[in-house]
Chemist: 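I am attaching a structure below and will ask some questions about it afterwards.
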Amino acid sequence: CDNPQNDDGLLEETVIGCTRIAASSNSSILPPEGTDFQLLELNPIPTSYNVYYAGWNRNDLDNLSGPGSIIQHPLSDIKKISFVSEFSEAVSNSDLYAITMTTPSGEGGNAEPNSSGSPIFDNMKLVVATISSGQSGCVTNVDPDNIDSGVGGRFYSHWDKNGTENDRRLAPWLDPLNTGVMTLEGKNSNSVGIDELQINASLFNVIPNPANDFVTVKSDLAITKILFYSIDGKLLLTTDKSETIDISKLPIGLIIIKIYSENGKIAHSKMYKQ
């Protein structure tokens, strides 16, 4: 738990600002109602930062074997890593994991206060839960067999167990096309996949946005097909035209757009139907 003598992190590579997309509840009660999660969309992250986007596992797994880990900011301190030896279903609430923390001799291993929301990784380096509560105080100079416990909301439960509204679950945001994906591997931001969609999206522009009756997709590329999806993955409209597309019959709300061009570029975009 002790801080290093010298700062060795990338302190200049920061991003300020985000938009809250979904959360388990609006409650200020500690711990909050539901599984205690918030989904935030960060402002654009410079590609030069080469950040790692963590993957996740939403399978219904009551018990997981270790080892695992937690990346947290204990007591709002600098980033630190604690190690998990065992995950088990919490006795009082099946939406939570009870986390058994291993504290190697001479090192701390707690889920500290102010760490809520920190990712809990399984042995495949996928996020399976987020910290909700834990014991306070750093534990140091202890026997290797000493353990401490924390509690984390399960990613499985975050997915769709906090209600039916889109702002109470992860499903419509992390799988907007309703593909049924159960796990997603992590990626570096400069790898093919995440960055490719971001780069391709910059080649297309949906005008106007928000829109009422008609939209046009602008691009220097020749567009071959455009698909419009509802937030729960239902295909609403398919067209091969890019100008003056009639969206008057689409439902009000957020619409996911998948755009194809003749050179094989594919991008996802978003628009709001008024």
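In what follows, residues are counted from 1 in the order of the sequence shown.
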Chemist: At their closest point, which heavy atom of A23 faces which heavy atom of Q38, and how far apart are they?
Modeler: CB-CG, 3.8 Å
Chemist: How long is the span from the CG atom in D122 to the CG atom in N59, to the nearest 0.5 Å?
Modeler: 10.0 Å
Chemist: What about I226 and V206, same hydrophobic cluster or not, with Ile/Leu/Val/Met/Phe/Trp/Tyr joined at side-chain heavy-atom distances under 4.5 Å?
Modeler: yes
Chemist: What distance do C18 atom SG and E41 atom CD have between them, rounded to the nearest 0.5 Å?
Modeler: 9.5 Å
Chemist: Just jot down the side chain to side chain donor-acceptor pair (under 3.5 Å) partners of K258, sequence neighbours excluded, or say none.
Modeler: Y260
Chemist: Flag yes if V181 and F155 sit in one hydrophobic cluster, no otherwise; membership is Ile, Leu, Val, Met, Phe, Trp, Tyr, and two members link when side-chain heavy atoms are under 4.5 Å apart.
Modeler: yes
Chemist: Carefully, step by step, assess F121 and I81 under the rule side chain to side chain contact (heavy atoms under 4.5 Å, CB included).
Modeler: CA-CA 11 Å; F121 293 87; I81 299 177; over 6 Å; no
Chemist: Output the distance between atom CG (N212) and atom CD (Q274), rounded to the nearest 0.5 Å.
Modeler: 4.5 Å
Chemist: Decide side chain to side chain contact (heavy atoms under 4.5 Å, CB included) for K273 and I247; before the verdict, give the C-alpha distance in whole Å, the side-chain angles of both, and the deciding distance to 0.1 Å.
Modeler: CA-CA 8 Å; K273 168 65 166 58; I247 61 166; 3.8 Å; yes
Chemist: Would a 4.5 Å heavy-atom cut-off, applied to side chains only, mark W56 and T183 as touching?
Modeler: no
Chemist: Is the shortest heavy-atom distance from the side chain of Y272 to the side chain of I252 under 4.5 Å?
Modeler: yes
Chemist: Can you confirm whether I131 sits close enough to Q72 that some side-chain heavy atom of one is under 4.5 Å from a side-chain heavy atom of the other?
Modeler: no
Chemist: Mark yes or no for whether R169, through its side chain, and N162, through its backbone, hold a donor-acceptor pair below 3.5 Å.
Modeler: no
Chemist: So, the side chain of W159 versus the backbone of M182: is there a donor-acceptor pair under 3.5 Å, distance only?
Modeler: no
Chemist: Rounded at 0.5 Å granularity, tell me how far CD1 in I71 sits from NZ in K80.
Modeler: 14.0 Å
Chemist: Taking 4.0 angstrom as the limit, do D167 and R20 come out as a salt bridge?
Modeler: no
Chemist: Are T35 and R154 packed together at the side-chain level, in the sense that at least one heavy-atom pair is separated by less than 4.5 angstrom?
Modeler: no
Chemist: How far apart are the closest heavy atoms of L221 and S219, and which atoms are they?
Modeler: N-OG, 3.0 Å
Chemist: Quick one: does Y49's side chain have a donor or acceptor within less than 3.5 Å of a partner on T14's backbone?
Modeler: yes
Chemist: If two hydrophobic side chains count as joined below 4.5 Å and joins carry through other members, does I207 share a cluster with F204?
Modeler: no
Chemist: Apply the test side chain to side chain contact (heavy atoms under 4.5 Å, CB included) to residues L237 and I245: give CA-CA distance (whole Å), side-chain angles for both, the deciding distance (0.1 Å), then the verdict.
Modeler: CA-CA 10 Å; L237 174 66; I245 305 169; 3.9 Å; yes
Chemist: How many angstroms lie between CD in E13 and CG in N50, if you round to the nearest 0.5 Å?
Modeler: 9.0 Å
Chemist: Hey, quick one: are L184 and Y156 part of the same hydrophobic cluster, counting side-chain heavy atoms closer than 4.5 Å, chains of contacts allowed?
Modeler: no
Chemist: Counting only heavy atoms from other residues, nucleotides and ligands, does the tally under 6.0 Å from NZ of K270 exceed 12?
Modeler: no
Chemist: For F37 and L39, work out which heavy atoms get closest and say how close.
Modeler: CD1-N, 3.9 Å
Chemist: So do D36 and T130 actually touch side chain to side chain, heavy atoms under 4.5 Å?
Modeler: no
Chemist: Return the CD1 to OH distance between I257 and Y229, rounded to the nearest 0.5 Å.
Modeler: 12.0 Å
Chemist: Shared ILVMFWY cluster between L170 and L254, side chains joined below 4.5 angstrom?
Modeler: yes
Chemist: Donor-acceptor check, side chain of S261 to backbone of I223, threshold 3.5 angstrom: yes or no?
Modeler: no
